[in-house]
2 protein chains.
Amino acid sequence: MVTQVDDILRRNSLSVTESRKKILNLFLTMHGALAHGDIERKAGEKFDRVTVYRTLQTFVDKGIIHTIPTTDNSVRYALCKDNCREGHHHDNHIHFICIKCGSTLCLEDVSVPEVRLPKGFISSETEVVVKGICNDCKQ
Amino acid sequence: MVTQVDDILRRNSLSVTESRKKILNLFLTMHGALAHGDIERKAGEKFDRVTVYRTLQTFVDKGIIHTIPTTDNSVRYALCKDNCREGHHHDNHIHFICIKCGSTLCLEDVSVPEVRLPKGFISSETEVVVKGICNDCKQ
DNA sequence: TATTCCGGCGCAACTGAGTTGCAAAATATA
DNA sequence: TATATTTTGCAACTCAGTTGCGCCGGAATA
């Protein structure tokens, strides 16, 4: 039986290995973004730190996941939903960090707002991170 | 003669020391934000790494400077222009990173745009980082 | 100005994240 | 199955940032 995980890996011409399956599965089953630490904790009992680093890097390179900047200087990763492919990410959505539960979410439906820059400035990319209370925590 | 630097330090009830004067002066004379590395390079010949770290932390705590998140996971610091005081930063402007010269600027005149969140999400803080070509580099 | 006191500094040592080289193991290919 | 290629795990390393502590310099008082 070919699982969704196997399929994604094959489509990206990656060898199907235990660690890749495990880590990719984490992203498919979890809502929200994962920090490196989360992944290491959840998959790291079985795999080496280095393998986790390399696997994440591979996934980013292939456009399977994308990184999310955070104010506290920790990198988080989330699945790319749309048309990302090798070497090119096209994430035009904003990211939301819940200050209550700490989870990071891609708000796919909220596109990045237009920003009016001063004269002489040319914009090529805009990152928006909103902090607040998420839908699950608003009680 | 009481310099601007001395004045700022005194107003924040900080001892006026060589390292604080030197580092604060860097911020006052430079345009744009400084990464820790920049500061260490420019002031570090005279001062210990640890002193630079501690001085920056002190300035952030006092509301003299603020940190700027960057996508590449390096922290940058810039002077607080307006009503920041101990324990509370009120920076409502966006940040701009020039992909040509690498400098990071606070665009004080560009306020953070309103973002429409999905139902159930409450926003408390929004960070916007725009990448592109700055006024000096547009040639 | 001299003296005392306390905060700030430099040093050394440590922690933790992330990286690299290489041999062994797992996967793909024929 | 045999061979070639890719990936993994281990060990060792680098680099950013932190902590403890003794000493020095700035601030306060006389």
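All values reported here derive from a predicted model rather than from experimental measurement. Here is the naming used below: chain letters follow the sequence lines, and residue numbers restart at 1 for every chain.
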*asked:* Within the 4.5 Å heavy-atom criterion, are A:Val16 and A:Lys21 side-chain neighbours or not?
replied: yes

*Does the side chain of B:Phe59 reach to within under 4.5 Å of the side chain of B:Ile8, using non-hydrogen atoms?*
no

*Find the distance A:Asn12:CG to C:dT27:P and express it as a whole number of Å.*
18 Å

*asked:* Between A:Arg10 and A:Asp7, does any NZ, NE, NH1 or NH2 come within less than 4.0 Å of an OD or OE carboxylate oxygen?
replied: no

*Using atom CG of B:Leu9 as one end and atom C1' of D:dA27 as the other, report the distance to the nearest whole Å.*
14 Å

*B:Glu18 CD to D:dA27 P: how many Å, rounded?*
11 Å

_Spacing between B:Asp61 atom CG and C:dG8 atom C1', to the nearest angstrom_ = 15 Å

_First of B:Leu14 and A:Thr51 reached from the 5' end of DNA chain D, by closest nucleotide_ = A:Thr51

_Rounded distance in Å - CZ (B:Phe47) to C1' (C:dC11)_ = 16 Å

*Contact class for B:Lys46 vs. all strands (heavy atom < 4.0 Å): base, sugar-phosphate, or nothing?*
sugar-phosphate

*For A:Ser15 and D:dT6, is the shortest distance between a side-chain N/O and OP1 or OP2 below 4.0 Å?*
no

*Evaluation steps, side chain to side chain donor-acceptor pair (under 3.5 Å), between B:Asp6 and B:Thr3*: CA-CA 5 Å; B:Asp6 289 41; B:Thr3 65; 2.7 Å; yes

*Round to the nearest Å and state the distance from A:Leu56 atom CG to D:dT8 atom P.*
11 Å

*With the side chain counted from C-beta on, respond yes when B:Lys62 and B:Gln57 share a heavy-atom pair under 4.5 Å apart, and no when they do not.*
no

*Respond yes when some side-chain nitrogen or oxygen of B:Ser19 is under 4.0 Å from OP1 or OP2 of C:dC9, and no when none is.*
yes

_How many whole angstroms separate atom NZ of B:Lys22 from atom C1' of C:dG10?_
18 Å

*For each nucleotide in nucleotides 11-23 of chain D, reading 5' to 3', give B when a protein heavy atom comes within less than 4.0 Å of its base, S when such contact involves only the sugar-phosphate, and - otherwise.*
BB---SBBBB---

*Answer with yes or no after comparing the ring centroid distance for A:His36 and A:Tyr53 against a 6.0 Å cut-off, counting only values under it.*
yes

_Hydrogens and angles aside, do A:Thr104 and A:Arg76 bring a side-chain donor and acceptor to less than 3.5 Å of each other?_
yes

*Can you spot which of B:Thr58, B:Thr51, B:Val52 makes a side chain to side chain contact (heavy atoms under 4.5 Å, CB included) with B:Thr55?*
B:Thr51

_A:His66 to A:Leu79 - nearest heavy-atom pair and separation_ = CE1-O, 3.3 Å

*Angle, rounded to 10°, between the helical axes spanning five pairs at each terminus of the helix from C:dT1-D:dA30 to C:dA30-D:dT1?*
40°

*Under 4.0 Å between a side-chain N/O of A:Thr17 and OP1 or OP2 of D:dT8, yes or no?*
yes

